[in-house]
Asker: 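What follows is a single structure, and I will ask about it in a moment.
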Amino acid sequence: MAASVIEGLAGNRPTPRMATRALLHDSNRQPIDDAVVLWFPGPASATGEDVAELHVHGGRAVLSAIFEAIAAFDNVRPAEPGEFTRRAFENGKLDLTEAEGLDDLIHADTDRQRRQALRQLKGLLGDRARNWRERIIAASALIEAGIDFSDEGDVPTELIAPALERIRALHDEIKNVLVGQAQSERLRDGLVVAIAGPPNVGKSTLINQLARREVAIVSPHAGTTRDVIEVQLDLDGYPVTVIDTAGIRETDDPVEQEGVRRARARAAEADLVLWLADTGGAKVGHGGGTPTWLVRNKIDLVRTTAGEGGDYREFRISAARGDGLSELIAALVGFAHDYFGTGEAGLISRTRQRGLLKETVVCLQRSIDVVGQGEELAAEELRRAATSLGRLLGRVDVEDILDVIFREFCVGK
């Protein structure tokens, strides 16, 4: 079908994989645009099927005419979200971890996210998973051979002993990946920092300074912020969401009460809380296990003294004038570095991937535990371990999750 479309628009099929200049025409032979066309016959294409590309000028009239001309061909329709990537997956051009990496690359907001996604797209996890699966199958073959030769004296022992050695090595290797990269997938979602504190201490001014633009209303009147305001930041390549919350205080205003309730809830869910205060005697009003820093604001207006101390890291700033902000931002970058750990180079970027690797480790451990009860039980657990890795790669029983993954892609990609 792609061949018919490119021939109808450009007059002929260009040389494969060579950019060719062509005057595109509609069905009435009226010229549309002077464009560059490329032709990728399958299976040597991104999707494994025939693919034609049109590089046209981006004006609305040009695009409208191109779409109208293409729609005039029989059996042609617009691509659905993620359809090109899904076809590449179904035709064996990508495994599921690489497809997820492509989706992450499309949606990457920071350079560190981009680099991690690109590594996944190039097979960072998929290559390791394929190697693990091959080793599991090899160990399983030894155990099943022992079952087949169970009447040959010591032959089963000679086969099962090396199989168990391989299984233990695999179990430890995958388990170490899970333990050593417990926070790696967080780089994809980012760090959440909540700015909390009493009313009128400069929370909105601080978030405006961090965002370098006016995202929150600044007013001398208490209770200006009634709802949660979020801004996405790139701090040295780390994705950080900063939340400005309503001032936490007792109030009879039902709208402000709801704002305070939301503020407390978001602070409890955050990865770090910046508790703003403007007097030396201020107390941190946020409880729970969330790491909290005490940030004393308005040092240009109010003389601050050493206050609460204790377990809280303390900073002194002027959100309005900028004093102390560079130190606070540097500390946030350091916190993000510690929080994400080795996430940038980590193998795991999604909860789905971590869950399947955990299943694999459990099955490998069970195969070791049950081998004394019967080699058949151990072989079954190895089969389940191999199936989990197959699902990770998208080669076994994943129809139920494909729609969920690919519908997150942009239209056509």
Side-chain angles (χ1 to χ4, degrees), residues 89 92 94-101 116 119-120 122-186 341-343 345-402 405:
F89 163 74
L94 297 172
D95 66 40
L96 201 53
T97 65
E98 291 166 339
E100 289 171 326
Q116 175 174 279
R119 279 194 275 273
Q120 288 287 26
K122 294 170 68 176
L124 177 71
L125 176 58
D127 290 345
R128 291 285 295 277
R130 274 185 288 274
N131 174 263
W132 290 333
R133 191 164 187 261
E134 290 170 0
R135 289 159 63 187
I136 289 173
I137 292 172
S140 180
L142 288 176
I143 288 182
E144 291 182 6
I147 296 172
D148 293 338
F149 292 99
S150 58
D151 57 347
E152 298 293 330
D154 60 353
V155 171
T157 302
E158 294 176 356
L159 293 173
I160 293 172
L164 285 176
E165 185 178 344
R166 296 184 185 187
I167 295 168
R168 290 190 183 97
L170 268 170
H171 172 273
D172 294 344
E173 185 176 333
I174 300 174
K175 187 175 181 180
N176 287 338
V177 167
L178 288 167
V179 172
Q181 302 177 43
Q183 294 177 315
S184 60
E185 61 263 42
R186 292 182 177 180
T342 58
L347 291 174
I348 305 167
S349 62
R350 297 198 176 206
T351 302
R352 182 191 77 88
Q353 299 167 358
R354 178 172 293 279
L356 288 170
L357 288 180
K358 285 182 177 179
E359 285 183 18
T360 303
V361 168
V362 169
C363 291
L364 290 174
Q365 183 61 55
R366 282 204 297 253
S367 71
I368 296 170
D369 295 339
V370 302
V371 71
Q373 304 171 27
E375 289 77 10
E376 295 86 353
L377 296 176
E380 175 61 18
E381 292 298 339
L382 290 178
R383 186 193 65 78
R384 292 180 179 178
T387 297
S388 294
L389 291 178
R391 293 177 62 199
L392 176 68
L393 295 166
R395 300 306 176 204
V396 179
D397 188 29
V398 292
E399 287 299 322
D400 55 336
I401 66 168
L402 292 183
I405 290 175

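Residue numbers count from 1 along this sequence.
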Asker: Going by side chain to side chain donor-acceptor pair (under 3.5 Å), name the residues that satisfy it together with Arg135, two or more places apart in sequence or in a different chain.
Answerer: Asn131, Glu173
Asker: Looking at every non-hydrogen atom in both residues, tell me the closest pair between Ala163 and Ile143 and how far apart they are.
Answerer: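 Minimum heavy-atom contact is CB-CG1, 3.7 Å.
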Asker: Please report the shortest heavy-atom distance between Leu389 and Ala129, naming the atom on each side.
Answerer: CD1-O, 4.0 Å
Asker: As an exercise, state the distance from CD of Glu380 to SG of Cys363, rounded to the nearest 0.5 Å.
Answerer: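 Glu380 CD to Cys363 SG: 9.0 Å, rounded to 0.5 Å.
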Asker: Which pair of heavy atoms, one from Leu170 and one from Trp132, lies closest together, and at what distance?
Answerer: CD2-CD1, 3.5 Å
Asker: To the nearest 0.5 Å, how far apart are CZ in Arg366 and CG in Leu377?
Answerer: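 One gets 11.0 Å once the value is rounded to the nearest 0.5 Å.
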Asker: Would Leu178 and Ile348 satisfy side-chain contact (heavy atoms from CB on, under 4.5 Å), going step by step from the backbone distance to the final call?
Answerer: CA-CA 8 Å; Leu178 288 167; Ile348 305 167; 3.8 Å; yes
Asker: Ignoring hydrogens and angles, tell me if any N or O in the side chain of Ser367 forms a donor-acceptor pair with the backbone of Leu364 under 3.5 Å.
Answerer: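 Here the side-chain-to-backbone pair exists.
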Asker: Which residue pairs satisfy the side-chain hydrogen bond (donor to acceptor under 3.5 Å, both in side chains) criterion with at least one member in residues 160-171, sequence neighbours excluded?
Answerer: His171-Gln365
Asker: CG/Leu356 to OG1/Thr351 distance, rounded to the nearest 0.5 angstrom?
Answerer: 11.0 Å
Asker: With sequence neighbours excluded, tell me which residues meet salt bridge (Lys or Arg N to Asp or Glu O under 4.0 Å) with Asp127.
Answerer: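 Asp127 satisfies salt bridge (Lys or Arg N to Asp or Glu O under 4.0 Å) with Arg130 once adjacent residues are dropped.
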Asker: What's the separation between atom CG in Leu392 and atom CZ in Arg354, rounded to the nearest 0.5 Å?
Answerer: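 These two atoms lie 12.0 Å from each other.
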Asker: So Glu100 and Ser349, side-chain contact (heavy atoms from CB on, under 4.5 Å) or not? Walk me through it.
Answerer: CA-CA 9 Å; Glu100 289 171 326; Ser349 62; 5.7 Å; no
Asker: Give the minimum heavy-atom separation between Leu164 and Ile368, together with the two atoms involved.
Answerer: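 Smallest interatomic distance, heavy atoms only, reads CD2-CA, 4.3 Å.
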Asker: About how many Å separate CD1 of Ile160 and CD of Glu375, when rounded to the nearest 0.5 Å?
Answerer: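 Those atoms lie 3.5 Å apart.
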Asker: Starting from the C-alpha separation in whole Å, work towards a yes-or-no answer on side-chain contact (heavy atoms from CB on, under 4.5 Å) for Leu96 and Arg352.
Answerer: CA-CA 11 Å; Leu96 201 53; Arg352 182 191 77 88; 3.7 Å; yes
Asker: Say you draw a straight line from CD1 of Ile167 to CD of Glu381; how long is it, rounded to the nearest 0.5 Å?
Answerer: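 With rounding to 0.5 Å, CD1 (Ile167) is 10.5 Å from CD (Glu381).
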Asker: With sequence neighbours excluded, tell me which residues meet salt bridge (Lys or Arg N to Asp or Glu O under 4.0 Å) with Glu359.
Answerer: Arg391
Asker: What is the minimum heavy-atom distance between Gln120 and Gly101, and which atoms define it?
Answerer: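 Closest pair (atom of Gln120, atom of Gly101, distance): CB-CA, 3.8 Å.
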Asker: Could you tell me which residues satisfy side chain to side chain contact (heavy atoms under 4.5 Å, CB included) with Lys122, sequence neighbours excluded, listed by chain and number?
Answerer: Leu118
Asker: With Glu134, which residues qualify under salt bridge (Lys or Arg N to Asp or Glu O under 4.0 Å), at least two apart?
Answerer: none
Asker: Any sub-3.5 Å donor-acceptor pair from Glu98's side-chain atoms to Asp95's backbone N or O?
Answerer: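 Side chain of Glu98 to backbone of Asp95, a donor-acceptor pair under 3.5 Å: yes, one is there.
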Asker: Considering all heavy atoms of both residues, which atom of Ala385 and which atom of Ile136 are nearest to each other, and what is their separation?
Answerer: CB-CD1, 3.9 Å
Asker: With Arg133, which residues qualify under salt bridge (Lys or Arg N to Asp or Glu O under 4.0 Å), at least two apart?
Answerer: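 None.
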